[in-house]
Amino acid sequence: MYCANLSIPQSVPSGTYSLFLVGQIGNVTIRETKDIRIVSIAKTWVQTDKFLYLPGQLVHFRILTVLGPQFQVSYEEIPDVYITSPSGRRIAQWLDINNSHGIVHLNFTLADEPEEGLYQIHVESSTSQARQTFKVEPFVLPRFTVTITPPAYILASDTQANFTIC
């Protein structure tokens with residue numbers, strides 16, 4: 001088996017192209033044509049540090065955008081990032097975010113008594129859009145009572161005792 005590396009320049013636009021393969025293996029000449037499709041994409045990911053937040057907590061999130069057929073990291077400024085509440089109100093916004101490192105780290109502090117439900121982080125750039133959800137709800141540990149009822153008496157010589165636990 002013979003392998004060859006195919007390098008696609010970043011400037012090739014999306015489309016269908018023909019790949020011509022001409023070569024010789026031993027005494028056999030190979031001439032092959034295959035159609036290939038190059039898709040230039042722009043994909044943005046938004047990641048939070050966790051899915052469930054309590055009121056008053058700090059929501060950390062990061063944004064990464066990749067471009068082109070080789071998935072190169074984008075360093076373009078991000079024009080608009082905002083967070084919407086479960087009722088759809090915009091509660092935080094960042095404009096013209098510097099993306100000189102290729103990944104953006106942002107955070108947002110929730111109110112002490114926020115609206116409960118699914119919040120959305122919206123990222124809108126010149127090349128793509130992305131959304132990520134996170135949930136806000138108070139978490140209260142469940143309360144319960146354990147009742148242990150011992151037998152009426154236990155002798156020192158007993159090797160076993162039966163207790164009722166409710």
Side-chain angles (χ1 to χ4, degrees), residues 1-8 10 36-166:
M1 174 181 232
Y2 290 89
C3 297
N5 290 329
L6 177 63
S7 178
I8 302 171
Q10 185 64 29
I36 60 171
R37 186 168 177 243
I38 296 178
V39 179
S40 182
I41 64 147
K43 177 69 177 160
T44 299
W45 285 278
V46 181
Q47 181 184 39
T48 57
D49 62 326
K50 54 188 177 178
F51 176 73
L52 179 63
Y53 293 89
L54 300 173
Q57 282 189 322
L58 190 63
V59 178
H60 292 279
F61 62 98
R62 57 186 167 197
I63 303 164
L64 172 70
T65 300
V66 294
L67 303 170
Q70 296 174 339
F71 304 109
Q72 293 180 332
V73 174
S74 171
Y75 297 97
E76 294 177 10
E77 185 175 82
I78 300 173
D80 193 15
V81 174
Y82 59 94
I83 298 177
T84 55
S85 68
S87 61
R89 289 183 305 181
R90 194 175 289 205
I91 57 173
Q93 183 171 9
W94 296 264
L95 298 173
D96 302 325
I97 302 164
N98 180 356
N99 187 21
S100 59
H101 296 294
I103 191 164
V104 172
H105 296 270
L106 296 171
N107 58 56
F108 167 73
T109 303
L110 292 165
D112 289 335
E113 294 184 22
E115 183 179 353
E116 293 179 25
L118 284 178
Y119 286 68
Q120 278 195 342
I121 301 169
H122 303 259
V123 177
E124 296 181 4
S125 69
S126 60
T127 55
S128 70
Q129 296 180 355
R131 289 191 179 130
Q132 177 65 38
T133 60
F134 62 92
K135 192 173 188 177
V136 175
E137 66 181 31
F139 178 73
V140 179
L141 289 173
R143 295 180 179 248
F144 58 92
T145 304
V146 177
T147 305
I148 302 174
T149 307
Y153 60 90
I154 300 174
L155 299 175
S157 60
D158 288 345
T159 58
Q160 247 183 345
N162 289 326
F163 291 81
T164 303
I165 302 174
C166 296

Nearest-0.5 Å distance that lies between atom CD1 in Ile121 and atom CD1 in Ile83: 5.0 Å
Asn162 CG: over 12 foreign heavy atoms closer than 6.0 Å: no
Any side-chain donor near an acceptor of the partner, Glu124 and His122, under 3.5 Å: no
Step-by-step side chain to side chain contact (heavy atoms under 4.5 Å, CB included) determination, Phe61 to Val104: CA-CA 8 Å; Phe61 62 98; Val104 172; over 6 Å; no
Pairwise side-chain contact, Leu106 with Ile97, heavy-atom cut-off 4.5 Å (strictly under): yes
Whether Phe134 and Tyr53 hold their rings parallel, tilted or perpendicular, with breakpoints at 30° and 60°: perpendicular
Those residues that, when tested against Arg89, pass salt bridge (Lys or Arg N to Asp or Glu O under 4.0 Å) (two or more places apart): Glu115
Closest approach of Tyr75 to Ser100 (non-hydrogen atoms, all atoms of both residues): CD2-O, 3.4 Å
Minimum-distance pair of heavy atoms, taken over all atoms of Thr48 and Gln132: CG2-CG, 4.2 Å
Phe163 and Ile154, any side-chain heavy atoms less than 4.5 Å apart: yes
Where Ala161 and Pro151 come nearest, the two heavy atoms and their spacing: CB-CG, 4.5 Å
Nearest heavy-atom neighbours spanning Leu64 and Gly102: CD1-O, 3.4 Å
Interatomic spacing from CZ in Arg62 to CD in Gln47 - rounded to 0.5 Å: 4.0 Å
Counterpart residues, salt bridge (Lys or Arg N to Asp or Glu O under 4.0 Å), relative to Lys43 (two or more places apart): none
Gap separating the NE2 atom of His105 from the CG atom of Asn107, nearest 0.5 angstrom: 11.0 Å
Residue from Thr44, Thr127, Asn99 passing side chain to side chain donor-acceptor pair (under 3.5 Å) with Thr65: Thr44
Distance (rounded to the nearest 0.5 Å) between Glu77 CD and Asp96 CG: 4.5 Å
Which residues share a ring pair (Phe, Tyr, Trp, His ring centres under 6.0 Å) with His60, sequence neighbours left out: none
Neighbour count above 12 (heavy atom, 6.0 Å) for Tyr153 OH: no
Polar contact flag, side-chain donor to acceptor under 3.5 angstrom, Glu76-Ser125: no
Spacing of Arg90 atom CZ and Thr84 atom OG1 [to the nearest 0.5 Å]: 8.5 Å
Nearest non-hydrogen partners of Ser85 and Ile91, listed with the distance: CB-CG2, 4.2 Å
Note, Trp45 side chain near Val123 side chain (heavy atom, < 4.5 Å): no
Atom pair CD1 (Ile78) and OG (Ser128), whose distance is rounded to the nearest 0.5 Å: 8.5 Å
Tyr119 vs Val59 side-chain heavy atoms within contact, under 4.5 Å: no
Non-hydrogen atoms of Val136 and Pro114 that approach each other most closely: CG1-CG, 3.6 Å
From CA spacing to verdict: side chain to side chain contact (heavy atoms under 4.5 Å, CB included), Leu95, Asp80: CA-CA 5 Å; Leu95 298 173; Asp80 193 15; 3.5 Å; yes
Student check: side-chain heavy atoms of Pro55 and Glu113 closer than 4.5 Å: no
